[in-house]
Structures are given as structure tokens and as C-alpha cells.
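None of the values given here were measured: they were computed from a predicted structure.
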Amino acid sequence: MGIFSESTEKKLNELLEKSYDAEQGFKKAAENIESNSLQKFFMSKAEERLQFRNELRQEIVANGCDITEQNGSISGFLHRAWMDTKALFSSENEETMLEEVRNGEKAALNDYNEVLEDQLLPPTTTSILKKQRDAIQRSYDKANYLEKAL
């Protein structure tokens, strides 16, 4: 058993899994649009989430805990299928994908804030989570801005 509580260890592993979901979701969004600039934005976010996963994995292991990561969650898989369906039937594809990204980022912010409520997190873990949460907030803000600009 590591230094995290069982609940915190579980939440960190869920963040790890949701980071995979986000990475795949951003790749899916990039596939569903024609705009080169939005494709680049989505792919940079996918790469960022891969980096998040690597940082989370290292932090979990460094604190003596186990990684229970799988290849994403069922809800993440369903969300990506929903993105494909919306893209297929939407004439406003860019706006639709940005809306889905915004929804996903909002959920991620809630997940990170929930884990950060744990007052017993080591400073390194808190620092990593805050840095990642802040990047997600910037991503949410940019998707919101881009959606309104369309």
C-alpha cells in the first residue's frame, strides 16, 4: 500500500483512465473535422493528455501505489461513438466537435477538483494535479472561444 488513501489511489487511477479517454477523444475530434488549425489544436491536446498520463503514472508509482489503468472507460468509449454520430449528422461539424471538447473538459475540471480536495496529498502530487487542471481550464477556455468565433 502506498502513501495515498485507498480512495485517493482509486481517484488518481480514474484520472489516468480519463486522460486516456480524453486523448482518444481529441484524436477522434481531429478526425471529424476538416479545419487544419482545429486539427492541430485537437492533436496538440491529445499529445498533452498523453503527457498527463505519463506524469500521473510516474506519480502513482513513486508513491508506492499500483496502476490499474485500462484502455479507457466505457463512458469514454461511448462518448467517442457519440462524437462520430454527431459528426455524421451535423452540418456544423466544427462547432459540434468544439462543444463536445468543452463538455469533456468541464467534466475533467470537476474530476481534478474533486481529487484536489484531498488535504493529505503530497506536495508533488498536488503540484502535478494543479498544473494539469490549469491546462485543462485553458483548453476549455480556448474551445469556448473558438466555438463562439465560428
Side-chain angles (χ1 to χ4, degrees), residues 1-33 35-84 94-150:
M1 177 90 179
I3 67 167
F4 299 129
S5 69
E6 187 175 318
S7 171
T8 299
E9 181 178 355
K10 181 180 180 203
K11 288 178 184 177
L12 289 171
N13 271 292
E14 287 171 357
L15 284 182
L16 187 59
E17 194 165 284
K18 289 177 180 182
S19 290
Y20 175 83
D21 288 337
E23 176 189 356
Q24 297 305 307
F26 280 118
K27 288 178 180 178
K28 183 62 67 180
E31 291 172 9
N32 283 318
I33 59 164
S35 165
N36 285 336
S37 62
L38 282 178
Q39 284 177 347
K40 288 178 185 176
F41 170 68
F42 292 145
M43 290 309 294
S44 73
K45 292 289 134 188
E47 290 170 15
E48 178 181 72
R49 293 310 165 84
L50 174 60
Q51 182 181 347
F52 285 6
R53 287 177 41 224
N54 290 334
E55 291 172 350
L56 286 169
R57 266 194 218 102
Q58 289 173 357
E59 187 66 11
I60 292 168
V61 170
N63 285 286
C65 296
D66 294 326
I67 305 258
T68 59
E69 176 186 25
Q70 300 181 10
N71 288 330
S73 65
I74 299 221
S75 63
F77 172 79
L78 293 174
H79 187 240
R80 290 187 296 278
W82 174 243
M83 288 173 73
D84 278 341
E94 291 176 355
E95 185 177 345
T96 300
M97 290 302 107
L98 285 166
E99 180 181 337
E100 289 304 315
V101 165
R102 222 173 20 103
N103 292 338
E105 296 298 67
K106 186 174 183 180
L109 288 169
N110 291 334
D111 293 336
Y112 273 79
N113 286 331
E114 182 181 330
V115 176
L116 283 164
E117 288 176 3
D118 184 345
Q119 300 298 314
L120 300 176
L121 289 174
T124 56
T125 306
T126 300
S127 176
I128 289 168
L129 294 177
K130 283 182 177 179
K131 178 184 69 98
Q132 290 182 0
R133 182 200 55 200
D134 292 348
I136 293 168
Q137 181 66 58
R138 287 189 299 276
S139 176
Y140 173 86
D141 293 343
K142 184 165 185 178
N144 194 38
Y145 169 79
L146 292 170
E147 184 181 0
K148 288 179 181 179
L150 292 177

| request: Answer yes or no: is there a side-chain heavy-atom contact under 4.5 Å between Ile128 and Gln58? | output: no
| task | State, yes or no, whether a side-chain contact exists between Ile60 and Arg57 at a heavy-atom distance under 4.5 Å. | result | no
I'd like a table of donor-acceptor pairs (distance under 3.5 Å, sequence neighbours excluded) in which one partner is a side-chain atom from residues 141-150, with atom names and distances.
residue, atom, partner, partner atom, Å
Asp141, OD1, Gln137, NE2, 2.9
Glu147, OE1, Arg102, NE, 2.7
Glu147, OE1, Arg102, NH2, 3.1

| Just by modelled atom types, is the Ile33 backbone N or O under 3.5 Å from a matching donor or acceptor in the Gln39 side chain? | yes
| said: Applying side chain to side chain contact (heavy atoms under 4.5 Å, CB included) to Phe4 and Leu121, what does each step give before you reach the verdict? | reply: CA-CA 7 Å; Phe4 299 129; Leu121 289 174; 4.1 Å; yes
| Do NZ/NE/NH1/NH2 and the carboxylate oxygens of Glu31 and Lys27 come within less than 4.0 Å? | no
| Heavy-atom pair with the smallest gap, counting every atom of Ala135 and Lys45 | O-NZ, 4.3 Å
| Under the 3.5 angstrom rule, does the side chain of Ser19 hit a backbone N or O of Leu15 as a donor-acceptor pair? | yes
| task | Evaluate the criterion salt bridge (Lys or Arg N to Asp or Glu O under 4.0 Å) for residue pair Lys40 and Glu47; output intermediate values, then yes/no. | result | CA-CA 10 Å; Lys40 288 178 185 176; Glu47 290 170 15; over 6 Å; no
| task | Check step by step if side chain to side chain contact (heavy atoms under 4.5 Å, CB included) holds for Phe26 and Ser44. | result | CA-CA 9 Å; Phe26 280 118; Ser44 73; over 6 Å; no
| query | Do Ser7 and Ser5 have a side chain donor and acceptor closer than 3.5 Å? | reply | no
| So, for Glu94 and Ser35, which heavy atoms are closest and what is the spacing to 0.1 Å? | OE2-CB, 3.0 Å
| Closest approach of Tyr112 to Leu129 (non-hydrogen atoms, all atoms of both residues) | CD2-O, 3.5 Å
| said: Please report the interatomic distance CG(Asn63) to CD1(Ile3), rounded to the nearest 0.5 Å. | reply: 4.0 Å
| According to the salt bridge (Lys or Arg N to Asp or Glu O under 4.0 Å) rule, which pairs have a member within residues 123-136, sequence neighbours left out? | Glu55-Lys131
| task | Determine, step by step, whether Glu9 and Asn13 satisfy the side chain to side chain donor-acceptor pair (under 3.5 Å) criterion, reporting the C-alpha distance in whole Å, the side-chain angles of both residues, the deciding distance to 0.1 Å, and the verdict. | result | CA-CA 6 Å; Glu9 181 178 355; Asn13 271 292; 4.5 Å; no
| request: Take Glu95 and Leu98 through the side chain to side chain contact (heavy atoms under 4.5 Å, CB included) test and state the conclusion after the steps. | output: CA-CA 5 Å; Glu95 185 177 345; Leu98 285 166; 5.8 Å; no
| field | Gap between atom CD of Gln24 and atom CZ of Arg49 - 0.5 Å precision | value | 12.5 Å
| note | salt bridge (Lys or Arg N to Asp or Glu O under 4.0 Å) pairs touching residues 109-129, sequence neighbours excluded, are Lys11-Glu114, Lys18-Asp111
| query | Are Val115 and Thr125 side-chain neighbours, meaning at least one heavy-atom pair lies under 4.5 Å? | reply | no
